[in-house]
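One structure is given below, encoded as structure tokens.
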Amino acid sequence: MKRSHTCGALRAGDAGKEIQLAGWVAGRRDHGGVIFIDLRDREGMTQVVFNPALQPQVAEVAHTLRSEFVVAVTGKVALRPEGTKNPSLGTGEIEVGATGLTILNPSETPPFPLDEEGVNEDLRLRYRYLDLRRPAMAEALRARHRAALAIRRCLDQQGFLEIETPILFKSTPEGAREYLVPSRLNPGKFYALPQSPQQFKQLLMVAGAEKYFQIARCFRDEDLRADRQPEFTQIDVEMSFITREDIYAVIERLVKTVWHEVRGVEIRTPFPRVTFAEAMNTFGTDKPDRRYGLTLTDFTETFRNSSFKVFQTAVAAGGVVKAFNAKGLAEITTGQIEELTNLAKAHGAKGLAWIKVEGGEWKSPIVKFFSEAEKKALTERLAAAEGDLILFGADAWTAACEVLGLVRIRCAEYLEKLGKLKRDPAHLDFHWVVDFPLLRKDPEHPNLVASHHPFTAPVEEDLPLLDREPAKVRGQHYDLVLNGVELGGGSIRIHRSEVQDQLFRKILKLPGEVVTSRFGYMVEALKFGAPPHGGIALGFDRLMALLLGHESIRDVIAFPKNARGQDVMSGAPAEATARQLKEVHVKPETGPGA
RNA sequence: GGAGCUGUAGCUCAACUGGUUAGAGCACCGCCCUGUCACGGCGGGGGUUGCGGGUUCGAGCCCCGUCAGCUCCGCCA
């Protein structure tokens, strides 16, 4: 069976041609006599006309067509009669007068309409092969392909080699939980699926690859979100003999190319740089959405000697007091206030202090504790006016910032629903967040832990601090952020084995045997002339979602898992047979508490 | 691990304060219809209101439990 054209190809100039089309029946309009069929394939839609006066036996078959039947049509292209053209269709000037019709395969009635949005996602996932027929989904797959091509071409032009790294890897229990794969040939031993190709790409630099990239599948056995899947795709990049600026330049060019080639949108480069401290102080997060205000202001000094004990004690304990003005949100509901409070509490705050500016007065459970000077400072520095809502955080610096950061985002959602704030998806605020602390305290750890990963190099001028005040050392790490979403991150790596070794043993205080067994080959590799190097990884799924304006990365992945990590179409994950388990030397748990 | 939202026909939704036989549009089936493109007309079939229990004269609606989906917090070096 041959097609002469696709269903999106025919134009007025093709009138008179004898053609063959094949595709799916997207709709039928059966007038009893004449029958119209919208024939859809990957490329578009063409109207086919069956006229019983001209081809009675063909029209007879056409009466039996139903949605999603697969058919082949032969016929003649004709200009549509004046007044019946369809301007909303690329092929709307013409139609195909059918002279032949073959039903290649009938179809059951689809479980959901393919021409409507808003269908239950669970159902769409169960019948993903039907869902992907919908033009919006087909377009997402096509755009993803084009983006991948653009990425490969762009990086190739800059001298990068695409190199594959193993999927069966060794477990490195730092970081995200891993998927384990039992080894049949090595009883009792396991591979792990890589959470990223991190170590391999550094080893490729030691190997002299100089410029590596990979569109790499990564695996993390963590709880899912709208923007997190158990397997996802990274654009993974690593380079030798470079500084941070070189990475910025490569990635800015890459991002610019992708947006240009897939969306025809021009992006301004270079991207602005924001320090971690600035981002936290101003937006309460290390991945700020800077398209709107509601920025945080520090009132630590204002409340240092306040008679409001909550604030005063927080400051006395070395913490801070921060606040922001949710402009125009005084009409917030009691339920929403409660939501915000729960959000703050869930994040470790004891509560959430607020002030409504309404009817010319401050309505708040706490305002009676405030002095005139404190009120004046708030009014002036927050530009508080009628109809505003002021929200406070008082805690250790990180906690206060983070709580208000979450509250700020939620307030923006409320304000957007009220039509008072707009987060325009066409406004693309790319920026780099830089100067992260190299190390941070972790409540579950006695020692400092790496803020990102333990291969990140310290900022050169902070090196002397590493022994004395390690918490103050900045890492040569950078995140690429777009509209409140972390698109990716990377760093300049440690390339000297003694520095890496010292970091593992003296700073992170990992036991010697752990360093040897887990990272021994890395430390060893650095001893054999490892070049200075660094890299980055971008979340390809997130990038595609932002590129196409989808809320969830599931909409840019052909066969995603649901929020429980299940494939509801195939039923994965599924139980293994006793024989399978025995072969891989895995004993199942039996009974409760086993 | 925790919280919130949702669950009614194949799909999207409705059903007042707890009150008759749970409705509508689309889809589906049948008949009619020769220029539609959300074709139209007439008729029809289709329901364990997620599941289990409770309160009540009476539960889609209230209560308890449970399951499922989604979202968020934790988690994601």
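In the text below, chain A, chain B and the rest are named by the order of the sequence lines, each starting its count at 1.
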Exercise. Indicate, with a heavy-atom threshold strictly under 4.0 Å, whether H347(A) touches base, sugar-phosphate, or nothing.
Key: sugar-phosphate
Quiz item: Going by modelled atom types, is there a donor-acceptor pair between the base of C39(B) and the side chain of R28(A) at under 3.5 Å?
Solution: no
Quiz item: What does T84(A) touch in the nucleic acid at a heavy-atom separation under 4.0 angstrom: a base, only the sugar-phosphate, or nothing?
Solution: base
Quiz item: With no angle test and no hydrogens, is the base of G35(B) tied to the side chain of E95(A) by a donor-acceptor pair under 3.5 Å?
Solution: yes
Quiz item: Applying a 3.5 Å limit to both distances, which nucleotide forms a Watson-Crick or G-U wobble pair with G46(B)?
Solution: none
Quiz item: Partner of C5(B) by Watson-Crick or G-U wobble geometry, both contacts under 3.5 Å, or none?
Solution: G69(B)
Quiz item: When we call it a touch if two heavy atoms are under 4.0 Å apart, what does R410(A) touch: a base, just sugar-phosphate, or nothing?
Solution: sugar-phosphate
Self-check item: Nucleotide opposite A14(B) in a Watson-Crick or G-U pair, distances under 3.5 Å
Solution: none
Self-check item: Sidechain N-carboxylate O distance under 4.0 Å for E402(A), K322(A)
Solution: no
Quiz item: Do the side chain of D223(A) and the base of G74(B) come within less than 3.5 angstrom through a donor-acceptor pair of N or O atoms?
Solution: yes
Exercise. Using a heavy-atom cut-off of under 4.0 Å over every strand shown, decide if P81(A) touches base, sugar-phosphate, or nothing.
Key: base
Quiz prompt | C16(B) to G35(B) separation - C1' atoms, rounded to the nearest Å | solution = 47 Å
Quiz item: Hey, does the side-chain of E116(A) have a donor or acceptor N/O within less than 3.5 Å of a partner on the base of U12(B)?
Solution: no
Quiz item: Would a distance-only check, ignoring hydrogens and angles, find a side-chain to backbone donor-acceptor pair under 3.5 Å from S451(A) to P437(A)?
Solution: yes
Practice problem: Could you tell me which nucleotide pairs with U34(B) by Watson-Crick or G-U wobble geometry, both distances under 3.5 Å, or answer none if nothing does? | Solution: none
Quiz item: Which is true for Q566(A) with a 4.0 Å heavy-atom rule: it touches a base, it touches only sugar-phosphate, or it touches nothing?
Solution: sugar-phosphate
Practice problem: Give a yes or no answer on whether the side chain of H31(A) reaches the backbone of G33(A) with a donor-acceptor pair at less than 3.5 Å. | Solution: no
Quiz item: Do the side chain of R228(A) and the base of C76(B) come within less than 3.5 angstrom through a donor-acceptor pair of N or O atoms?
Solution: yes
Practice problem: Answer yes or no: side-chain N or O of R126(A) and base N or O of G69(B) forming a donor-acceptor pair under 3.5 Å. | Solution: no
Quiz item: Backbone N or O of M45(A) within a donor-acceptor pair of the T91(A) side chain at under 3.5 Å?
Solution: yes
Quiz prompt | Check: C37(B) base within 3.5 Å donor-acceptor of D38(A) side chain | solution = no
Practice problem: Grab the two heavy atoms, one from P454(A) and one from Q500(A), that are nearest each other, plus how far apart they are. | Solution: O-NE2, 2.9 Å
